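Remarks on the structure that follows.
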Amino acid sequence: MKSALLKGREKKEKLIRKGHLDRKNVENCYSVMGFCDRLSLTLCKEQIPPMQRSVEIGILPDTDEPVFLKQDEKGILTCHPWPFAANSFKVSVECFETDELLFESDSELREFLTTALPEKKTFSFAKE
């Protein structure tokens with residue numbers, strides 16, 4: 001069985017070969033998607049380093065400079081360099097807390113998600 005990553009690479013190459021998209025555009029889209037995925041995982045898994053230390057989130061298109069995330073003493077998140085259009089914004093997500101590391105089946109996960117109460121988390125971002 002092919003991994004999701006391999007399937008994604010094959011689909012990306014197929015789109016480029018057929019001329020639907022140029023390579024630079026496709027690479028830029030995947031770069032932004034990877035950045036967003038890494039940022040969301042860092043936030044949802046509460047992996048923001050303490051004491052205002054930074055963690056690398058990724059490299060965005062058209063730059064070789066990595067983007068770092070850190071949290072100030074007030075809990076405000078910032079990225080350097082700042083990759084967003086707005087100077088500040090908030091993001092709210094619903095989270096489901098569980099002690100389970102693995103669910104035996106999709107139906108077991110589905111049952112958990114339909115019976116558990118979501119917890120709302122809000123993350124505030126601001127440009128330094």
Side-chain angles (χ1 to χ4, degrees):
M1 188 165 143
K2 291 182 182 179
S3 72
L5 182 60
L6 183 58
K7 287 180 188 177
R9 284 184 184 157
E10 288 175 352
K11 186 173 183 176
K12 177 172 67 171
E13 290 303 318
K14 185 177 178 182
L15 287 170
I16 292 168
R17 274 195 316 274
K18 289 192 173 207
H20 296 293
L21 298 169
D22 66 42
R23 181 167 299 281
K24 183 163 178 58
N25 189 16
V26 171
E27 295 298 332
N28 285 350
C29 289
Y30 273 80
S31 179
V32 170
M33 226 172 27
F35 172 83
C36 294
D37 185 50
R38 177 84 191 274
L39 178 59
S40 68
L41 285 172
T42 301
L43 295 174
C44 290
K45 289 184 171 185
E46 298 178 349
Q47 294 178 333
I48 304 162
M51 299 171 29
Q52 299 182 44
R53 292 185 308 217
S54 298
V55 62
E56 183 178 337
I57 297 300
I59 297 173
L60 290 176
D62 300 326
T63 177
D64 289 329
E65 190 175 2
V67 178
F68 292 90
L69 173 72
K70 74 176 183 179
Q71 189 172 36
D72 70 13
E73 65 280 348
K74 295 178 184 175
I76 306 294
L77 298 163
T78 191
C79 291
H80 182 76
W82 186 252
F84 307 107
N87 286 332
S88 65
F89 60 93
K90 291 184 179 187
V91 177
S92 295
V93 296
E94 283 187 350
C95 300
F96 295 88
E97 299 257 344
T98 180
D99 293 329
E100 295 293 323
L101 296 177
L102 179 69
F103 289 92
E104 295 294 324
S105 65
D106 289 347
S107 59
E108 186 181 342
L109 172 60
R110 192 175 304 109
E111 181 180 341
F112 167 76
L113 291 173
T114 56
T115 58
L117 294 175
E119 174 188 339
K120 183 179 175 184
K121 290 186 179 182
T122 301
F123 300 97
S124 297
F125 285 80
K127 188 174 182 178
E128 285 186 297

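Reckoned from all heavy atoms, side chains included, excluding hydrogens, waters and symmetry mates. Numbers here simply count residues along the sequence, with the first being 1. Keep in mind that this is a model prediction, so the values were computed, not measured.
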Identify, with sequence neighbours excluded, every residue that meets salt bridge (Lys or Arg N to Asp or Glu O under 4.0 Å) alongside [X].
X      : value
Glu128 : Lys70
Lys24  : Asp62
Glu46  : Lys121

Is any side-chain heavy atom of [X] closer than 4.5 Å to a side-chain heavy atom of [Y]?
X     : Y      : value
Pro81 : Glu65  : yes
Val93 : Phe123 : yes
Ile48 : Thr42  : yes
Asp72 : Thr78  : no
Leu69 : Leu77  : yes

Task: Ser124 (side chain) donor-acceptor with Gly75 (main chain) under 3.5 angstrom - done: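 Flag not set: sc Ser124 to bb Gly75 has no pair under 3.5 Å.
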- [ ] Keeping the roles fixed (side chain from Arg38, backbone from Glu56), state whether a donor-acceptor pair exists under 3.5 Å.
- [x]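 Checking the backbone N and O of Glu56 against the side chain of Arg38, a donor-acceptor pair under 3.5 Å is found.
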Task: Hydrophobic cluster identity match, Val91 and Met33, side-chain contacts under 4.5 Å - done: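 Not linked; separate clusters.
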- [ ] Group every Ile, Leu, Val, Met, Phe, Trp and Tyr by side-chain heavy-atom contacts under 4.5 Å, then state whether Leu60 and Leu41 land in the same group.
- [x]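 No, it is not one cluster - the side chains of Leu60 and Leu41 are not joined through contacts under 4.5 Å.
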Task: Heavy-atom pair of closest approach, residues Ile59 and Pro66 - done: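 For Ile59 and Pro66, the tightest heavy-atom pair comes out as CG1-CA, 3.8 Å.
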To the closest 0.5 Å, what do you measure between [atom1] ([X]) and [atom2] ([Y])?
X      : Y     : atom1 : atom2 : value
Phe35  : Ser40 : CZ    : OG    : 10.0 Å
Ile76  : Ser88 : CD1   : OG    : 8.5 Å
Glu119 : Cys95 : CD    : SG    : 6.0 Å
Cys36  : Ile57 : SG    : CD1   : 10.5 Å

Open item on the list: Applying ring-ring contact (aromatic ring centres under 6.0 Å, His included) as the test, list every pair that has at least one member in residues 85-118; sequence neighbours left out.
Closed with: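 Non-adjacent pairs meeting ring-ring contact (aromatic ring centres under 6.0 Å, His included): Phe84-Phe89, Phe89-Phe125, Phe103-Phe112.
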Open item on the list: Is it the case that the side chains of Gln71 and Gln52 hold a donor-acceptor pair, with the cut-off being a distance below 3.5 Å and no angle test?
Closed with: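 No, no side-chain donor-acceptor pair sits under 3.5 Å.
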TODO: Could you pull out all residues at least two apart from Glu111 that satisfy side chain to side chain donor-acceptor pair (under 3.5 Å)?
DONE: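 None.
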Open item on the list: Among residues at least two apart in sequence or on other chains, which ones pass side chain to side chain donor-acceptor pair (under 3.5 Å) with Thr115?
Closed with: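 Thr115 satisfies side chain to side chain donor-acceptor pair (under 3.5 Å) with no residue once adjacent residues are dropped.
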- [ ] With side chain to side chain contact (heavy atoms under 4.5 Å, CB included) as the test, would you mind laying out the steps for Val55 and Phe68 before giving the verdict?
- [x] CA-CA 5 Å; Val55 62; Phe68 292 90; over 6 Å; no
